[in-house]
Peer 1: 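Have a look at the structure that comes next, please.
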Number of protein chains: 2
Amino acid sequence: MRRGLDCERSRMSDERPKRGRPRSRASRDAILGTVRRRLLADGYQRLTMEAVAEEAGVSKATIYRWWTTKGELVLEAAEAEISIGPVPETGDPRSDVEATIDQVIDTFSRPLASIVIFAAITTGGDDPVMARSFRDRYVHPWRASGAAALGRALPDGGESGVQFLLDVIFGTVFQRLLVLREPNTHGLTERLLAVVLPAVDASH
Amino acid sequence: MRRGLDCERSRMSDERPKRGRPRSRASRDAILGTVRRRLLADGYQRLTMEAVAEEAGVSKATIYRWWTTKGELVLEAAEAEISIGPVPETGDPRSDVEATIDQVIDTFSRPLASIVIFAAITTGGDDPVMARSFRDRYVHPWRASGAAALGRALPDGGESGVQFLLDVIFGTVFQRLLVLREPNTHGLTERLLAVVLPAVDASH
DNA sequence: TAATATAGAAACGATGCGTTTCGAAATGGT
DNA sequence: ACCATTTCGAAACGCATCGTTTCTATATTA
């Protein structure tokens, strides 16, 4: 039976309650550190809450006290490694598009981030909260910023054309780095730039 | 303990043993039909062997007798809906590239095929046999054929450039139809053609 | 008829889930 | 100092599913 009017706030950054035993930062760090280790060693699917609790020297109840699902837990564990989001406007539209592409390539090249993002994208139906959280925090801001950059680089691209090009960028990088697990060689950025901005770069 | 020198062949198309009770086609059809129904209703992850056995009126032992993993089972259940593979050479390179693209779009637009393919691609580390089987049966022939078509359409494309363009096609369609689950609108084929064959179509 | 192979029923131990209960520890308010 | 509050760790719960095993019955061919 649910407690209902228990304390509902749970994120670390929230305000602390005025009284009572404070949250153990040692336990939190042990949990997130264990999650990172196990993710890198075994991957997302083989990560179990039981194993995290045991290796971190913590009880399962403590984990579920602060993270209600495995998805929340791993998203927070990888937070610092995910650098997908808005890109600044520099004045050079081509550079902005390049930065948009490089954000995805850089993040997808980090082992921990790639494991977590792959899980967030591919467990869509099974953990909708994780998928939505990932989209809202990272993908949507990236798309908005990238759409603006592409709009500046391709003034007559059209809105649906810009959305399509964002799918080309994200889908191609996802395919090469996360599905095929190919290293980032052969100038992926340059090739993608040439594909999405065909006529802009006539400098060679 | 494993039996070892038991009969190892298991696919329906293999030769039947000379003596003994023949395999029940009714059970096979009931199993595969149930798998298709449950996949469409609940998805791949929520499909359990126990539920299939119960709904098909069959014992679990019978299922595991013929399919050793869930991946094998669903790949066979969706076999008829997956039409990714070689495309014929028509003499018009642009048409061949278009056919290469349309194969992926058509297959990914079918509900059952899209569920199974999404599972095969995204459970890579957890069911390596399923992933490898899908790649060997469908993806590799498609890539070989598509690379040839792209090579004819882009004589100076270069091998790595052709592989990159195959990743653009597959990754973009995967992103739009399987990850974002957007319907196939806005002329996906035409847009992809324009992106991978920029200068060929100067007919407008 | 004998040998062979499949089918179904039922149970096994193992694993992980999410939850609950309990007692101990650590803080702030009074 | 004492109490209310909150977290922590340990342990156990019922549940689901896994892959396997055992047993008996059935179907087919040599």
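Labels below follow one simple rule: chain letters A, B, ... track the order of the sequence lines, proteins then strands, and each chain is numbered from 1. Predicted model only: the values in this text are computed from it and were never measured.
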Peer 1: Whole angstroms only, please: what is the CG-P distance between B/Asp127 and D/dC18?
Peer 2: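 Interatomic distance, CG of B/Asp127 to P of D/dC18: 13 Å.
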Peer 1: I'd like to know if the side chain of B/Lys60 and the backbone of B/Glu54 have a donor-acceptor N/O pair within less than 3.5 Å.
Peer 2: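 Absent.
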Peer 1: Tell me: CD1 of A/Ile31 to C1' of D/dT7, nearest whole Å?
Peer 2: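 Between C1' of D/dT7 and CD1 of A/Ile31: 12 Å.
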Peer 1: Provide, to the nearest angstrom, the distance between the NZ atom belonging to A/Lys70 and the P atom belonging to C/dT19.
Peer 2: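 Spelled out: NZ on A/Lys70 to P on C/dT19 is 16 Å.
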Peer 1: Any side-chain donor paired with an acceptor under 3.5 Å for A/Asp96 and A/Thr90?
Peer 2: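 A donor-acceptor contact under 3.5 Å links the two side chains.
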Peer 1: Taking CD from B/Glu54 and C1' from D/dT17, how many angstroms apart are they, rounded to a whole number?
Peer 2: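 It works out to 13 Å between those atoms.
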Peer 1: Without decimals, in angstroms, what is the distance between A/Glu50 CD and D/dC13 P?
Peer 2: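 One finds 14 Å between P of D/dC13 and CD of A/Glu50, rounded.
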Peer 1: Nucleotides 7-11 of chain C: which of its N/O atoms have a protein N/O under 3.5 Å away?
Peer 2:
| unit_1 | atom_1 | unit_2 | atom_2 | d |
| --- | --- | --- | --- | --- |
| C/dA7 | OP1 | B/Ser24 | N | 2.9 |
| C/dA7 | OP2 | B/Trp66 | NE1 | 2.9 |
| C/dA7 | O4' | B/Arg21 | NH1 | 3.3 |
| C/dA7 | O4' | B/Arg21 | NH2 | 3.2 |
| C/dG8 | OP1 | B/Ser27 | OG | 3.4 |
| C/dG8 | OP2 | B/Thr62 | OG1 | 3.3 |
| C/dG8 | N7 | B/Ser59 | OG | 3.4 |

Peer 1: Through what angle, rounded to 10 degrees, does the axis of the helix from C/dT1-D/dA30 to C/dT30-D/dA1 turn between its ends, using five pairs per end?
Peer 2: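 If I round to tens, the end axes sit 0° apart.
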Peer 1: Taking the side chain of A/Arg19 as its heavy atoms from C-beta onward, which of D/dT5, C/dT19, D/dC18 lies nearest to it?
Peer 2: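 Of all the options, the side chain of A/Arg19 is nearest to D/dT5.
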Peer 1: Whole angstrom is fine here: how far is it from CE in B/Met49 over to C1' in D/dA16?
Peer 2: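 It is 16 Å, rounded to the nearest whole Å.
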Peer 1: Take atom CZ of A/Arg38 and atom P of C/dG16, then tell me their distance rounded to the nearest Å.
Peer 2: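 From A/Arg38 CZ to C/dG16 P: 11 Å.
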Peer 1: Establish, for the pair A/Arg23 and A/Trp66, whether the NZ or CZ atom is under 6.0 angstrom from the six-membered ring centre and no further than 45 degrees off its axis.
Peer 2: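 Here A/Arg23 passes the 6.0 Å and 45° test against A/Trp66.
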Peer 1: Do B/Gln103 and B/Thr107 meet the criterion of a side-chain donor-acceptor pair at a distance under 3.5 Å?
Peer 2: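 Their side chains do not contain a donor-acceptor pair, so the 3.5 Å distance test is not met.
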Peer 1: Please tell me whether B/Asn184 and B/Ser109 have a donor and an acceptor in their side chains that are separated by less than 3.5 angstrom.
Peer 2: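 No, no side-chain donor-acceptor pair sits under 3.5 Å.
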Peer 1: Assess the residue pair A/Ile84 and A/Val139 against the criterion (side-chain contact (heavy atoms from CB on, under 4.5 Å)); give the C-alpha distance rounded to whole Å, side-chain angles, the decisive distance to 0.1 Å, and a yes or no.
Peer 2: CA-CA 7 Å; A/Ile84 294 176; A/Val139 180; 5.7 Å; no
Peer 1: Rounded to the Å, how far apart are B/Leu73 CG and D/dC18 P?
Peer 2: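 So the CG-P distance, B/Leu73 to D/dC18, works out to 11 Å.
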Peer 1: Looking only at side-chain N and O atoms, does B/Arg191 offer a donor or acceptor that is under 3.5 Å from a partner on A/Ser160?
Peer 2: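 On atom types as modelled, these side chains qualify, holding a pair under 3.5 Å.
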Peer 1: Verify whether one side chain among B/Ser83 and B/Arg110 offers a donor that lies under 3.5 Å from an acceptor in the other.
Peer 2: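 There is such a pair (donor and acceptor under 3.5 Å, judged by atom type) between the side chains of B/Ser83 and B/Arg110.
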Peer 1: With distance as the sole criterion, is a donor-acceptor pair present between the side chains of B/Arg37 and B/Thr34 under 3.5 Å?
Peer 2: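 Looking only at side-chain atoms, B/Thr34 and B/Arg37 do form a donor-acceptor pair, the distance falling under 3.5 Å.
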